[in-house]
Amino acid sequence: MIETNSIALVFFAFLLVIGVAVTVQRNLFAASMLTGIFSLVSAALFTLMDAVDVAFTEAAVGAGFSTVLFLATLALTKDTEKPGVKRPFAATFVVLLTGGALIYGTLDMPAWGTSEAPIHAHTASYFVTHSITDIGLPNIVTSVLASYRGYDTFGELLVVFTAGTGVTLLMQRKGLFRPGALAIPPKSRAPYVREMPVVRAVAKTMLPFILLFALYVQAHGDFGPGGGFQAGVIFATGFVLYGLIWGPAKLQPIIGGRPVQGLMASGVLLYGGVGVFCLLMGYPFLDYSALTPDHPVHGQHYGIFLVELGVGITVSAVMLIIYFVFSVRPRVGRGAGELGP
Amino acid sequence: MSIVETIMQYIGAALILGGSVFCVIGAIGVIRLPDFYSRCHAAGVTDSAGAAGVLFGLCFMSAPLIAFKLITILAFLWLSSSVATHALVQAAYARGVRVENPRVKDWTHGQETSAKKEGEA
Amino acid sequence: MTLSDHLPVLLVLTPLLGAPIVSLFRSISRPLATLLAAATAAIAWGLVQQTADGSELNYHLGGWAPPIGIEYEISMAAAWTVAVVSTLAFFSILAGCHNAAREVTEGREHLYYAAFLLCLAGLLGMATTGDAFNVFVFLEISSLSTYTLVAMGKGRRSFTAAFNYLILGTIGGTFILLGIGLAFQATGSLNIDDIAARIQDLRGSRTVLVAFGFLATGLSIKLAVFPLHQWLPGAYAESPTAVGAFLAGTATKVIYFQLIRVCVMLFGASYVFEELHFGTLLRWLSVFGMFVGSLAAVYQTSLKRLLAFSSIGQVGYLTLALSLGSELGVRAGLLHLAAHGITKCALFLVTGAIVATTGSDRLSRLAGFGKRRPLIAFAFVVGGIGLIGVPGTAGFVSKWALLRAAFESGHTIIAVLSLASSMIAVVYVWRVVEVMYLKPSVETDSADGSRPWALMVPASILLAVSIGAGLYSAPATAYASRAASTLWNRVPVAAGLPEPRPVHHDDAHDAAAEHGAHESAAPEGQAGPEEGSTP
Amino acid sequence: MTQAAHLWHYWLIIVLGMLGLWVVIAKRHYVKKLLGLSIFQVSVIMFYVSMGKVEGGTAPVYLPGEDGGVDLTAAYSNPLPHVLMLTAIVVGVATTALGLALVVRIREAYGTSEEDEIAAADRAEEDELHRQELAEEAL
Amino acid sequence: MMVFAAAMATGALHVVYAIAVGALVLTMALVLYRAVSGPTVYDRIVALNAFGTKTVLLIAALGFLYGRPEWLDLAITYVLINFVGTLAVMRFSKHGSLTREAGDDTSDSGGRDVNVATAAVPTGDNAR
């Protein structure tokens, strides 16, 4: 435990240093990169605290996808911050108040890591003891995620779908997905084509492996860290890599417009469809036992497989669309006060 | 535990420790070396020799499937980090980042104008 | 289980699954969304009918009993809230049908309707769920779609309004998450009933105190309680008409219901009001909110902003009702929730009609409007009267209930102050009336080719409902009394852990045989649909 | 003081979170605010995850047991906070994506992403409108 | 020999992993210093890239230290993310601030208002 604690302490020190650096760094490119590293270190900390699934997701999402989005935004907006802060004393007061309240609240919490804490005693003990017979998967997190609290995960998927819908509504221009809409004028060909051949070659080599790895993560989520969400992000990351190197104009014909938007909805519909099927069979919504009434455990397996697939489909489609609409947005001239579409 | 396994473990331990040493040396280089390009070199040491030492060392300690994953990681790591460094150095060079080491002739200086032009093309 | 047993989940599923379907069929998205909203409203009224006898509907999602799984728990108060929300959503979407075409960029209406339905689903899910974390999830669904919808407004200010709302809303959401986490830490459960029962033994705990603090603060941000209200005017005034009407009528109302649940159910009224004296704090904040909101409304130069600031004042009435810490107070809160929701939704729709005819919602452009468009102007006056709470409107019923509750709990000063702030409401409504009827018409309307009737029809229906409920209030007040009393007198029961499902002894072996797994002695877990490769 | 030995994890996490919150409140640049927001959210996630840690426990993936089944005697960390935090991470990235989309639109419409400059632009616009109205009234 | 083997199997192996973890943490700390202090953005990127790869090694070593080496999937993800992240930095900073810092190696020109020449919009004509 001393080992764990000392490593955790070093990680916390890293996080504090990075956090302060993000705060003072006025070059927002650097600040975004540092935030990415912040996520990576916190993911390592999650691993240390046994939350492998959370670490997986945080690495893929926080360090990967969010950072790419921040950078893509900064490519479109002004990327240095003006010096000075707004109402520093009020802000400090609010922060001290909140932090003080939280610390006050922890005083009655059981010591860190005690197994007697009430949080471990009640529902969690049921999951740890019975999920293997109820559901039969080695990864308890997947069991809880997809079955016991499957409705939360459905909500989570809807959050992703909402984000996809919202970003498309805000950023998509008319006819963006029409073939040829992104034809590159010969003059501005440079940024992509001039990209180094070595990078291109290596990326091309890695791409199939990335997609394969995503499929592995999707299928392996029942047995170890991973699952639909992580797989979806990694799958999208593969295409993001492609888009980064060859440019969105090359990406567009591959992912298409309507098809991806359709995928976005169909993953949600697959998840919901499984639930509705259960409902029609006379079981409660998302009670996967309905899939094979004779063998409830099998039903759970099929159900979890299907809903994880739904999650994977929607997540990858949404991530792709979000990246795509950000990367094709033209950069506005400085100080141009023109409105968007 | 068989003798072979024991020897493998010794080799593994040696490799891990060696890799760790390379990592620390490389990191010191990243801190101490005078300019961007030489720091890139130092960072490269941690990514190539350091990573290889640690990951190969771990291979000696583990079951075949785990070892396969370790090799995969190493392959990805070697490909990706060297390519990233390559691209980065090229970009930095095109943008006119100078060599600061006084003992080396600063040949970026002479080509600065052409490099600039290329960078803006 | 018959279909009517599934109503609690169908209520949320209809808009929730409707959203992706609507986003797929862009050509018929408009009628489809309206139809789905209507179906949702119908289901909600079905639930009202099912719970009318004071019973509570429970639905175990995934078939897992409460502390293990997520539960839908529809009390009378929840049914009341969802009925109001889904009905207002239906009318807003009906009105928005016409306006969306102009306010949302062409070719994207289907996504707009999808976001609308998602927002509705999030609000309904929040109101009906019995699981604390599920509240957070659905809160975020509704919040994220709200940010998008607000940004669909006409000018560039809608973007900043949406962004400010996003920042404050996310801070609020994260505070709620922290509060849930601390309560979870103290009790080990996520089910609201279960937490409530377990928390009774932990009253002295500082963790529980801080959990309440964070939940209350987070919800107050989302509810726009007085010092935390900065996001509201922009969000309501800059959004498209239909969205503004929908948000003004519903969003804060559902959050308000959550605040009632947190205070009365989750932590227990005796803890919140008697031990912490949270009522006193909330009462004075409410009074300040009422005055600040109403006074600010008096000085606004645009109609939508005027209504938005009046909403801050009205939130003050809502929280005032809760702060009384009595059954009557909750009853008044539930009544005002409905009355204000209907009135404000109608007023925003009428404002939309005004914008559609004059091309602007600036007060100065309304000079002589009463003569040019007597019907629309009259509708606004009727709504304004409802806002003030003149006898004969729903607003009067709820404010009367509030006054009664205040007098019965002995807060005479508070009652007088709330009456005084109603007088300010008279002032800001009168300002509009004065401009519309007494000022000479300076110009003709800039006809922008739109028909205000699409907005006026739903608005008139809502106003008629408001008047009808004001004249014949017995059913509503009786229902609210009963809902408040079941909510107030509810005794939470700690849920024990359920028995695990019976094990099929041959499951593992069957599965292994079916899927051709080789390890006969494999752990049961590895007999999944995909073959395991656990090392 | 004994408590400090048991609770310092939580306190460090709280300090991190408050750093993020401070950035959100005090910084003017919209992208910086979102960066702060994501730090704040990650800290909250960390707070939950650290509540789920069991001393001497291992990740909540069953270890293989003696008889070919799973090892139910081993100490596993609490899986429930992990499940909740997966959702919270997703909510975080969804918020970030939407916020960044708004930042891009704001930047296109105003030509800046600094809060005070945008507020100034809004005020100027409002004043201009007001002046026009006064002029009309005077006519 | 057998005695040594037993020692290796129990304690010593653990110590080896612990040393590796310690060395990697030290490496990360040093590299982080470079990432925070700059001076050019390129230095930061190189340092952050190295920091990321060290995290990969660290996760691998931690897996062995805690006896759950099957977490390596996580490390593979880290490699991928790190690569994509670095490429994204380069791609999106093509017309951004990287040029700005390159000129002066002494300080972050953070607040300085340098005019970014509006370089050719990559995907020109869909704007209209």
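Chain naming here is simple, since letters A, B, ... match the order of the sequence lines and numbering starts at 1 in each.
Neither the backbone nor the side chain of C:V208 comes within less than 4.5 Å of any heavy atom in chain A. Of the atoms belonging to A:V144, not a single heavy atom falls under 4.5 Å from chain C. Neither the backbone nor the side chain of C:F212 comes within contact range of chain A; no heavy atoms are under 4.5 Å apart. Heavy atoms closer than 4.5 Å to chain A are found nowhere in C:A162, neither backbone nor side chain. Residue contact with chain A, scored on non-hydrogen atoms closer than 4.5 Å, involves the backbone and the side chain of C:I70 alike. Interface remark: A:T314 contributes no atoms to any contact with chain C (heavy atom separation under 4.5 Å). Heavy atoms closer than 4.5 Å to chain C are found nowhere in A:L280, neither backbone nor side chain. For A:Y288, no part sits under 4.5 Å from any heavy atom of chain C, backbone or side chain. Residue C:T207 touches chain A through both its backbone and its side chain, counting heavy-atom pairs closer than 4.5 Å. Looking at C:V9, the atoms closer than 4.5 Å to chain A (heavy atoms on both sides) all sit in the side chain, from C-beta outward. If you measure heavy-atom distances from C:L209 to chain A, the contacts under 4.5 Å come from the side chain alone. Of the two parts of C:F175, only the side chain, counted from C-beta on, holds a non-hydrogen atom closer than 4.5 Å to a non-hydrogen atom of chain A. Both the backbone and the side chain of C:L16 come within contact range of chain A, judged by heavy atoms closer than 4.5 Å. Heavy atoms of C:L202 lying under 4.5 Å from chain A are absent altogether.
Side chain to side chain, C:E71 and C:N191 meet the donor-acceptor criterion of an N or O pair below 3.5 Å. A donor and an acceptor atom, one from each side chain of A:H122 and C:D194, are located under 3.5 Å apart. Of the N and O atoms on the side chains of A:N139 and A:D222, not one donor lies less than 3.5 Å from an acceptor on the other residue. Defined by atom type and a distance below 3.5 Å, a donor-acceptor pair is missing between the side-chain atoms of C:Y147 and C:N164. A donor-acceptor pair shorter than 3.5 Å can be found between the side chains of A:D134 and A:Y148.
Looking only at heavy-atom pairs under 4.5 Å with chain A, the residue among C:L118, C:L149, C:L178, C:L144 that has the most is C:L118. Taking chain A as the reference chain and counting heavy-atom pairs below 4.5 Å, the highest number among C:T217, C:L111, C:L182 is found for C:L111. Taking chain A as the reference chain and counting heavy-atom pairs below 4.5 Å, the highest number among C:E140, C:H60, C:R198 is found for C:R198. With chain C as partner, the option from A:D152, A:T162, A:T165, A:V159 having the largest number of non-hydrogen pairs under 4.5 angstrom is A:D152. In terms of non-hydrogen atom pairs under 4.5 Å with chain C, the most contact-rich of A:S147, A:S125, A:G224 is A:S147. Comparing A:T98, A:T123, A:L286 by how many heavy-atom pairs each has under 4.5 Å with chain C, the most go to A:T123. Contacts with chain A were tallied for C:V12, C:L10, C:I21, C:L13; C:L13 has the most, counting heavy-atom pairs under 4.5 Å.
For the atom pair CD1 of C:I68 and CG of C:L190, the computed distance is 10.5 Å after rounding to the nearest 0.5 Å.
You'll find the ring centres of A:Y151 and C:F138 inside the 6.0 Å limit. Annotation: C:Y59 is in aromatic contact with C:H6 [ring centroid separation under 6.0 Å]. Aromatic pair C:F133/C:F136: ring centres closer than 6.0 Å.
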Steps toward side-chain contact (heavy atoms from CB on, under 4.5 Å) verdict (A:S289, A:Y283) = CA-CA 8 Å; A:S289 317; A:Y283 285 73; 4.0 Å; yes
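Taking all atoms of both residues into account, the shortest heavy-atom contact from A:F229 to A:E308 is N-OE1, 4.5 Å.
Residues of residues 265-273 of chain A that come closer than 4.5 Å to chain C, counting heavy atoms only, are A:A265, A:V268, A:L269, A:G272, ordered by residue number.
Between the C:T129 side chain and the C:G125 main chain, no donor and acceptor come within less than 3.5 Å of each other. Of the possible donor and acceptor atoms, one in the side chain of C:T187 sits under 3.5 Å from a partner among the backbone N and O of C:A183. Between the side chain of C:S29 and the backbone N or O of C:V22, no donor-acceptor pair lies under 3.5 Å.
Using bins of under 30°, 30° to 60° and over 60° for the plane-to-plane angle, the ring pair A:Y216/A:H220 lands in the parallel bin.
Put simply, the residue from C:I180, C:V135, C:V210 that forms a side chain to side chain contact (heavy atoms under 4.5 Å, CB included) with C:L215 is C:I180.
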